[in-house]
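Input: a single structure, listed below in structure tokens.
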Amino acid sequence: MQLLYFASVREKTGLTGESYQLPDGISNVAQLIEHMQGRGANYAAAFENNLMLRIAVNQLHAKPEQTISDSDEIAFFPPVTGG
Amino acid sequence: MARILVQQEDFDLGQEIAALKSDNNNIGAIVTFTGTVRDLDRSLKSMTLEHYPGMTESELANIAQEAKQRWPLEGCTIIHRVGRLAPGDNIVLVITASAHRQAAFEAAEYLMDFLKSRAPFWKKEEIGEESQWVDAKDSDNVALERWLK
């Protein structure tokens, strides 16, 4: 799958995005977030505050319980502030 | 069809209104909203807007489509700037056109309320030597809720 990071999440991970193999046993967004927290200090910092994390799956806003697959584009970002 | 643009360049309100009106005499009311970079205490150096290319355009198109289903719109334009902006610069333009004013007024507010809560843009302010991301406002969610009743 393709992971994308925006705004403060991008700065904390130090990445704009990456290709990543969906790990075994992970089937939804909430599980993926928990997994990401364990990938190192930069990921822990970016993914620690679940309440401030917003998710899009294939460019549509998604909830933590949404099912994901290895072909998805999954984006993580803080609440939007446009306009 | 809505005109949706995400761009670094500024926009010209007069040109956009003229484009919307051309060849459409059904229009009797045009409402425009322009959002600009505010600097209440003259401390802001710049505001930089980041977005999610692809999703931004599709979210804006969806929001415009929803507005068209709700009100009899003759035209709709949304232009949002990205990149580094200075105090006083334009950020966003929303134009709605309809036969009568009520639909145009209401649809313009609807578009802005949904744009603010759904379109994937993020603002970062540069104040002195510091840069910080702008926090989302609860009042924006309150503004949204009135349309969901």
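Just so it is clear, the structure is predicted and the values come from calculations on it, not from any experiment. A, B, ... follow the sequence lines: proteins, then strands. Residue 1 opens every chain.
The contact between B/Lys124 and chain A is made entirely by side chain atoms (from C-beta outward), counting heavy-atom distances below 4.5 Å. With a 4.5 Å cut-off on non-hydrogen atoms, B/Arg81 does not touch chain A at all. When heavy atoms are compared at a cutoff of 4.5 Å, B/Thr56 does not approach chain A at all. Looking at A/Arg10, only its side chain comes within 4.5 Å of chain B, counting heavy atoms on both sides.
The local environment of CD in A/Gln2 is crowded, with over 12 non-hydrogen atoms from other residues, nucleotides or ligands closer than 6.0 Å. Within a 6.0 Å radius of CZ in B/Arg38, no more than 12 heavy atoms belonging to other residues, nucleotides or ligands are found. Residue B/Asn25 places its CG atom among 12 or fewer non-hydrogen atoms of other residues, nucleotides or ligands, all under 6.0 Å distant. When the shell of 6.0 Å around CG of B/Asn24 is examined, it contains more than 12 heavy atoms from other residues, nucleotides or ligands. Open room surrounds CD on B/Gln8; 12 or fewer heavy atoms of other groups in view lie less than 6.0 Å from it. Residue A/Glu65 places its CD atom among more than 12 non-hydrogen atoms of other residues, nucleotides or ligands, all under 6.0 Å distant. No more than 12 heavy-atom neighbours from other residues, nucleotides or ligands sit within 6.0 angstrom of CZ on B/Arg101.
Between A/Thr81 and B/Val134 the shortest heavy-atom distance is CG2-O, 3.3 Å.
Cluster annotation: A/Ile26 is connected to A/Ile33 through the hydrophobic network of ILVMFWY side chains, with a link wherever side-chain heavy atoms come within less than 4.5 Å.
Contact count against chain B (heavy-atom pairs under 4.5 Å) is highest for A/Glu73 among A/Arg54, A/Glu73, A/Met52.
A distance of 9.0 Å separates CD of B/Glu50 from OG of A/Ser8, quoted to the nearest 0.5 Å.
Contact check for A/Glu11 versus B/Trp133: side-chain heavy atoms found under the 4.5 Å cut-off. In this structure, A/His61 and B/Met55 have side chains that are in contact, with non-hydrogen atoms separated by less than 4.5 Å.
No donor-acceptor distance shorter than 3.5 angstrom exists from the side chain of B/His80 to the backbone of A/Gly82, with no hydrogens or angles considered. Using modelled atom types, one side-chain atom of B/Lys123 and one backbone atom of A/Gly83 make a donor-acceptor pair closer than 3.5 Å.
Using cut-offs of 30° and 60° on the angle between ring planes, the pair A/Phe6 and B/Trp122 is parallel.
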